[in-house]
There are 2 protein chains.
Amino acid sequence: MSSRPTAEFPTPTKPNARARAASLEDVAALAGVSPGTVSRALSRPEMISEATRQRVLEAADRIGYVPNGAARAMAMRRTLTVGAVIPRFGTSSFPTMVQALETTLAERGYTLLLAAPDNKGSQTTDMVRTLLARGVDALALLGSRHPQEVFALLKTQGTPFVQLWTQDDALGPCVGFDESQAAALVVDHLADFGHREIGFIGGYTRNNERAEARLAGLMRAVAKRGLTLREDATVETEYGLQQGFDAMERIRLGGSPVSAVVCGNDYLAAGALAALDQAGVPVPQRLSVASFNDNEFAPFMHPPLTTVHLPIQEMGEQAGRHLLAVLQNQAPEAAAPLPVHLVIRRSTGPRG
Amino acid sequence: MSSRPTAEFPTPTKPNARARAASLEDVAALAGVSPGTVSRALSRPEMISEATRQRVLEAADRIGYVPNGAARAMAMRRTLTVGAVIPRFGTSSFPTMVQALETTLAERGYTLLLAAPDNKGSQTTDMVRTLLARGVDALALLGSRHPQEVFALLKTQGTPFVQLWTQDDALGPCVGFDESQAAALVVDHLADFGHREIGFIGGYTRNNERAEARLAGLMRAVAKRGLTLREDATVETEYGLQQGFDAMERIRLGGSPVSAVVCGNDYLAAGALAALDQAGVPVPQRLSVASFNDNEFAPFMHPPLTTVHLPIQEMGEQAGRHLLAVLQNQAPEAAAPLPVHLVIRRSTGPRG
DNA sequence: TTGTATGCGTTATCAG
DNA sequence: CTGATAACGCATACAA
């Protein structure tokens, strides 16, 4: 028999404590069955007779029963919850990925727990620890490079995880695309149009694997085509519109003889274009701009710019499917990064 | 004494079950104290002697102890978790708000649980139910109008909540800004420049309080200044770049004699501008475009457009603070919407 | 098909 | 300051 008296008036733990929400036992009492039966009626309908099931459902509905996830988590030893660590939430394509991830997971009943470093000293390790303490069944790590500590934590907790936006699968399964190929596409395109000296506005490579890989890929591609990546036209900065604007100003005022500038993402590109626009520099006649398309708005920007389209949404979905597979089938499912599509959306005009 | 044998070999529940993570009891055993002491050492340091505290901390660290949130939630009757329902995650300013919300909450140890309807039949009510089942201590409802059902659920569960981006506080505390004032600013601006007949591209007003309020505010402002909001230049659509593009095409091809079009958000505006650009329509000489600035990139768009800047980030922070207040002080703290700043970022040129 | 009893890992209460 | 012990609400193995 249960230790909590159901018939008595519920004793508030504290004076200000909110009224206790309905529990399985309350439903059971109302339906005139045992708690176990209610539990089964709700989550294993096939194990119960239709009649009692109806009675239970009605009772549950009548008192507005909502299962207690914490109790359920304790009993089942899983929370139906997945954590996501998401740097630079605002000015990146991460929202798109997160949306895709959330949708994919939600279809199987999983909920997403968010942790977004505010680049004001919040440590990834702490966020992961918090997420683990919340009992996430799995974890998605977006962008950036994470301290070894994080992976140690994940290992001791036995929590499956997946990294997004990287190819470096030394530490675990990854979902990403080929930065080298992306870079090559842009560079080839620019080279075909006769550009020789190009610049680059990208994210800080320090502690940012995405930015690092992007720059590295670009340098390889540039070398391969015999172009020059001019140092006096290469800027590392935070991602953001204002940052793109400022970076382009610096390049422009520096007088570097580049004829094209590649931007690490759309925000930077939009900012850069705004700077050129304001300065009255004709694009692409005087200076071409190219970009990697993190977002959906690059194709709509003016003036047109060469863009490599990155399959953001697909990455989120793929990551979600991978985690679900690990979570459900216990089958790790080869974690090889999916092949991804790269598309030139608009053409950077020939040099003037 | 505990019922689980700590010294014995842990019995796996199922053959495939992952190794159990370290528990309070494991730490206790290692540190040579009782579980209760470990609990206190970790979460109420002031109740414990420095010596044992150190010993416990070291033991916990050594075996990589991470507290079990579910168990903690059961005992404490709270999860240190806040839910957020977020429609249209991808193409809106919601990421910015969510980031602000998350940061504000994280500072006090709260984690954000995400639910993002995919407008493919996923019901808000279900998401709220799921979030409640996860045990969220409070809930943030962004955008849209929610079914009565939702509020009933929240009431029976006694879960505090806050709505963002609305002024309609009939159903509970809200954080929002004055849509009427925002609309008036745009309209006054356009009127001052001599525009008389204007169009509008906005979100579907059906089931979208934001869009509805925005249109209503616009209509009031237009009437007040004696302008005309032309029906043949008013388009309701999904938010998005492509949608803005298409809407403007429709208006343009329809031949409506408007001289200015107001867009419900930046995505729509960007799309509309792209359409005009592609069609070779000079902006703002032939047609002016104005917009509400949901995002941070409007000021960087070309050509310049009148923009009302909405305090997105502040809304997220305000909502976070409100929830924290309710959660911690038990003091509801008057839920009046904060006054918000409205700023004209760029000027829409005079009519040509 | 249904009822009963136990355990899940913490916190909190109450003695010592 | 510390140790034992009782909830917390649910799932599940076992009995009936």
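Numbered from 1 within each chain, the chains take letters A, B, ... in sequence-line order.
- In terms of position on DNA chain D, the residue among B:Ala75 and B:Glu46 whose nearest nucleotide sits closer to the 5' end is B:Glu46.
- Here A:Ser23 does not reach the OP1 or OP2 of D:dC8: none of its side-chain N or O atoms lies under 4.0 Å away.
- Residue-level contact check: A:Val38 touches neither bases nor backbone, having no heavy atom under 4.0 Å from any strand.
- Contacts of residues 55-66 of chain B with DNA chain D (heavy atom under 4.0 Å): none.
- Residues satisfying the side-chain contact (heavy atoms from CB on, under 4.5 Å) criterion with A:Ala319, sequence neighbours excluded, are A:Leu101, A:Val162, A:Leu164, A:Val175.
- Here D:dG9 presents its C1' atom at 5 Å from CG of A:Asn68, a figure rounded to the nearest Å.
- In this structure, B:Leu139 and B:Val128 have side chains that are in contact, with non-hydrogen atoms separated by less than 4.5 Å.
- In terms of position along DNA chain D, the nucleotide closest to B:Thr37 lies nearer the 5' end than the nucleotide closest to the other residue of the pair B:Thr37 and B:Met74.
- One finds no side-chain N or O of B:Arg77 lying less than 4.0 angstrom from the OP1 or OP2 phosphate oxygen of C:dA12.
- When the ring pair (Phe, Tyr, Trp, His ring centres under 6.0 Å) test is applied to A:Tyr110, no partner is found at least two apart in sequence or on another chain.
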Give every donor-acceptor pair under 3.5 Å between a side-chain atom in residues 36-49 of chain B and any protein atom, sequence neighbours left out.
| residue | atom | partner | partner atom | Å |
| --- | --- | --- | --- | --- |
| B:Thr37 | OG1 | B:Ser34 | OG | 3.1 |
| B:Ser43 | OG | B:Ser39 | O | 2.8 |
| B:Ser49 | OG | B:Thr52 | N | 3.4 |
| B:Ser49 | OG | B:Thr52 | OG1 | 2.8 |

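- End-to-end axis angle for the helix from C:dT1-D:dA16 to C:dG16-D:dC1, using five pairs per end and rounding to 10°, comes out at 30°.
- In this structure, B:Thr52 does not reach the D:dC1 phosphate: none of its side-chain N or O atoms is under 4.0 Å from OP1 or OP2.
- At the heavy-atom level, A:Arg40 lies under 4.0 Å from base atoms of the strands shown.
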Table please: side-chain donor-acceptor pairs of residues 54-64 of chain B below 3.5 Å, with sequence neighbours left out.
| residue | atom | partner | partner atom | Å |
| --- | --- | --- | --- | --- |
| B:Gln54 | NE2 | B:Glu50 | OE2 | 3.0 |
| B:Arg55 | NH1 | B:Ala31 | O | 2.6 |

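- With DNA chain C read from its 5' end, the first of the two nearest nucleotides for A:Arg53 and B:Arg44 is the one closest to A:Arg53.
- Taking side-chain N and O atoms only, A:Ser39 has a distance below 4.0 Å to OP1 or OP2 of D:dA11.
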